[in-house]
Protein chains: 2
Amino acid sequence: MPGFFMSFIATPQSMRFEEVLPLQSGASIRDYVLAYETYGTLNAERSNAVLVCHALNASHHVAGVYEGQPRSEGWWDNMIGPGKPVDTNRFFVIGVNNLGSCFGSTGPMHTHPDTGEVYGADFPVVTVEDWVNAQARLLDRLGITQLAAVLGGSLGGMQALGWTLQYPERMRHAVVVASAPNLTAENIAFNEVARRAIVTDPDFHGGHFYRHGVIPQRGLRIARMIGHITYLSDDVMNEKFGRQLREGLTPKYSTQDIEFQIESYLRYQGDKFSEYFDANTYLLITRALDYFDPALQYGGSLTQALARATAKFLLISFTTDWRFSPQRSREIVKALLDNRRRVSYAEIDAPHGHDAFLLDDPRYMDTMRSYFDAIAKEHHA
Amino acid sequence: MPGFFMSFIATPQSMRFEEVLPLQSGASIRDYVLAYETYGTLNAERSNAVLVCHALNASHHVAGVYEGQPRSEGWWDNMIGPGKPVDTNRFFVIGVNNLGSCFGSTGPMHTHPDTGEVYGADFPVVTVEDWVNAQARLLDRLGITQLAAVLGGSLGGMQALGWTLQYPERMRHAVVVASAPNLTAENIAFNEVARRAIVTDPDFHGGHFYRHGVIPQRGLRIARMIGHITYLSDDVMNEKFGRQLREGLTPKYSTQDIEFQIESYLRYQGDKFSEYFDANTYLLITRALDYFDPALQYGGSLTQALARATAKFLLISFTTDWRFSPQRSREIVKALLDNRRRVSYAEIDAPHGHDAFLLDDPRYMDTMRSYFDAIAKEHHA
């Protein structure tokens with residue numbers, strides 16, 4: 001029996017959808033699969049379901065470990081599980097891998113049903129709105145009409161926000177962590193440099209590299225290194241690596257060899273990532289980030305955009321997050337308050353930058369625990 | 001006759017040095033050329049010389065225009081010239097292109113005198129200290145024993161700081177703009193990603209691409225795009241580009257085409273840069289930035305490191321500069337005050353980020369003008 005601080009066994013599942021899903025771009029996709037996992041038990045009223053949305057480099061494997069793989073914890077295993085802040089003894093938690101990803105759901109490395117060829121660069125552009133629609137169809141199949149909460153960090157928070165606008169009646173709470181109502185020019189700029197590194201890698205072959213038996217690893221490495229810089233705060237980088245040399249006390253004086261620890265760290269992260277992440281997925285997911293902007297069709301008014309939302313909100317930001325700064329969360333809070341929605345907001349003083357949303361911070365964990373305790377009481381009442 | 005707000009004609013010169021210059025790495029270089037320019041007239045006492053040190057993408061062409069090329073203003077032409085804050089009617093201003101650069105001084109694309117081959121990746125690693133030593137030899141040849149001031153922004157400011165430690169008796173003032181006493185881990189990280197983009201470009205050929213008749217343009221483009229992001233503030237990017245699409249009001253939904261104005265801007269900057277900047281020079285100059293750390297040999301104490309400096313100082317920083325933030329300038333100010341040195345410090349409230357040091361800001365220009373007016377009075381006294 002799973003208890004506090006023990007891992008439980010997670011079992012990946014998948015659901016096939018033959019029917020056409022219309023996409024925001026005007027294109028559509030059919031005959032696709034969504035990989036997902038569930039933890040805990042759906043109650044008789046079907047009222048305790050929590051959907052967890054993932055960010056760039058994550059998947060449906062949110063919590064628990066896989067049978068026989070003791071070090072395979074889900075990406076939010078510290079937050080979600082039996083006795084954890086999002087307690088799977090009380091909630092039925094669902095993790096879904098998004099369309100276009102490379103961890104099990106249909107993506108660019110799968111076969112296009114119309115052509116019989118691998119999608120590659122022909123995989124349709126998907127948006128946060130499309131992901132939310134696909135997630136809603138999965139919930140239909142699972143027989144869940146209304147979610148207790150949709151929960152996500154970073155790009156996952158954008159999906160939670162999207163849910164409140166696309167399916168306001170199908171959810172009671174939105175928990176939006178370390179997120180933003182849209183990307184700034186600087187955010188888009190970092191995405192664009194990463195994409196250019198991938199697209200201009202000679203091994204990318206216009207996105208059809210699978211046919212050539214190669215992978216644009218150079219580009220993926222650069223993309224990941226750029227990403228990592230933006231996930232960490234300046235302070236935590238200085239504390240972890242500072243100006244420390246990798247070997248000895250004096251530099252080797254080389255332009256190409258590793259001199260500093262930070263270089264070693266970044267190269268390692270880049271190498272590791274380039275071995276498992278799909279290049280077309282990287283393009284698709286960064287584009288979904290770029291495009292997300294619920295205020296766009298309201299002349300830039302986030303207040304007007306969020307008028308449709310009826311959920312209760314918890315927003316959390318981290319002081320040293322310079323990718324999605326607290327100011328961006330406060331914009332969402334303000335727009336919700338303008339609409340007289342019920343909003344809780346916590347700005348956590350954490351040194352870790354954007355990555356803080358995945359780390360253990362007592363105030364952060366306590367905030368989540370209290371909020372989900374309150375949700376649990378509410379739906380059992 | 002040159003007057004206010006008029007360009008004057010600048011004439012590039014060069015000086016050959018046959019003798020060996022020992023380098024900080026233990027290597028050395030001989031038979032090299034330094035490209036330089038001078039503006040104004042050296043006075044009879046030889047006391048009005050000002051050395052201007054350049055940053056990554058700049059050269060000895062600091063001010064004025066080249067004969068018959070009306071749009072060829074030097075990179076600090078708004079600051080330096082007749083009647084300008086650094087007034088060439090009073091000062092004899094010297095701009096020098098640093099060793100390893102690609103604008104006229106000996107660099108990686110020149111021929112190694114020992115081998116008769118193009119240096120390429122075999123060009124020795126040069127440091128800020130080496131540049132300062134090379135600049136001092138040029139001044140010897142020009143018959144200048146003591147400078148009125150050494151002036152530089154960003155990496156140029158590091159050279160000005162280096163001068164105060166290596167040749168304290170040869171200068172009276174150091175003007176250090178938008179600079180830092182060393183790079184942070186994050187600064188090094190951005191340099192490293194840029195270098196990896198260049199080095200892993202298949203056209204780099206280990207730095208000997210000249211032999212192959214190719215240029216690692218992909219890598220240079222990525223490097224420049226990353227650089228540009230760090231030169232601008234988040235605010236100015238949002239103001240200039242925001243989330244504006246390049247065409248129309250709705251996206252095209254493409255992962256590879258340009259959608260946003262900021263992407264168009266970055267690609268343009270990357271393309272332009274990759275056509276004229278040398279890849280090996282990029283590696284060398286970013287490494288010189290990484291290595292600069294006068295406090296290193298004093299156990300990290302900047303106060304002890306700056307005890308040698310006898311110059312009077314003006315330091316200037318810009319509030320929105322997140323590459324070399326005001327805090328970094330304040331570290332230098334504090335270390336100088338610990339040593340009871342005379343320091344003026346101005347923190348300019350400017351929206352433009354690191355780039356502000358090259359732009360017209362009335363308070364910035366006034367601060368420079370007042371300081372150089374005072375220097376002029378001093379040495380004529």
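Only heavy atoms go into these numbers, but all of them, side chains included; no hydrogens, no water, no symmetry mates. Lettering follows sequence order; numbering is per chain, from 1.
In terms of heavy-atom pairs under 4.5 Å with chain A, the best-connected choice from Leu245(B), Val126(B), Leu232(B), Thr200(B) is Thr200(B). Top candidate by heavy-atom pairs under 4.5 Å with chain B, chosen from Leu249(A), Ile262(A), Ile222(A), is Ile222(A). Listed options Ile258(B), Thr286(B), Leu266(B), Ile188(B) were ranked by heavy-atom pairs under 4.5 angstrom with chain A; first place goes to Ile188(B). Contact count against chain B (heavy-atom pairs under 4.5 Å) is highest for Glu192(A) among Gln24(A), Glu192(A), Gln261(A). Of the listed residues His228(A), Gln256(A), Gln297(A), Gln244(A), the one with more heavy-atom pairs under 4.5 angstrom with chain B than any other is Gln256(A). Of the listed residues Ile229(B), Leu283(B), Asn191(B), the one with more heavy-atom pairs under 4.5 angstrom with chain A than any other is Ile229(B). Among the candidates Leu284(A), Ile226(A), Asp290(A), the residue making the largest number of heavy-atom pairs closer than 4.5 Å to chain B is Asp290(A). Interface remark: of the candidates Phe241(A), Tyr265(A), Trp322(A), Trp322(A) forms the most heavy-atom pairs closer than 4.5 Å to chain B. Annotation: maximal heavy-atom pairing with chain A below 4.5 Å, among Lys240(B), Arg267(B), Lys252(B), Arg221(B), occurs at Arg267(B). Top candidate by heavy-atom pairs under 4.5 Å with chain B, chosen from Ala197(A), Gly242(A), Ser254(A), is Ser254(A).
In this structure, the portions of Asn182(B) lying under 4.5 Å from any heavy atom of chain A include both its backbone and its side chain. Using a 4.5 Å cut-off between heavy atoms, Asp203(B) does not touch chain A at all. Contact of Ala121(B) with chain A is made through the side chain alone, with heavy-atom distances under 4.5 Å. With a 4.5 angstrom heavy-atom cutoff, Val199(B) touches chain A only via side-chain atoms. When heavy atoms are compared at a cutoff of 4.5 Å, Thr250(B) does not approach chain A at all. Looking at Arg195(B), the atoms closer than 4.5 Å to chain A (heavy atoms on both sides) all sit in the side chain, from C-beta outward. For Leu183(B), the parts lying under 4.5 angstrom from a heavy atom of chain A are both the backbone and the side chain.
Here the shortest heavy-atom pairing between Ser154(A) and Ser179(A) reads O-OG, 2.9 Å. In terms of heavy atoms, Asp201(A) sits closest to Gly219(A) at OD2-N, 3.0 Å. Nearest approach of Ala223(A) to Ile198(A), heavy atoms of both residues: CB-CD1, 4.0 Å.
At a cut-off of 3.5 Å, with distance as the only test, a side-chain donor of Thr230(B) or Arg323(B) sits close to an acceptor on the other residue. A donor-acceptor contact under 3.5 angstrom links the side chains of Thr127(B) and Asp130(B), judged on distance only. Residues Asn98(B) and Ser101(B) bring no donor and acceptor atom of their side chains to less than 3.5 Å of each other. If you check the side chains of Tyr210(A) and Asp278(A), you find a donor sitting under 3.5 Å from an acceptor. Using modelled atom types and a 3.5 Å distance limit, the side chains of Tyr291(B) and Glu259(A) yield a donor-acceptor pair. No donor-acceptor contact under 3.5 angstrom links the side chains of Asn238(B) and Arg243(B), judged on distance only.
Taking the six-membered ring where tryptophan is involved, the planes of Phe123(A) and Tyr119(A) are perpendicular, since the angle between them exceeds 60° and thus also 30°.
For the pair Tyr282(A)/Leu56(A), a side-chain contact is recorded, criterion being any heavy-atom separation below 4.5 Å from C-beta on.
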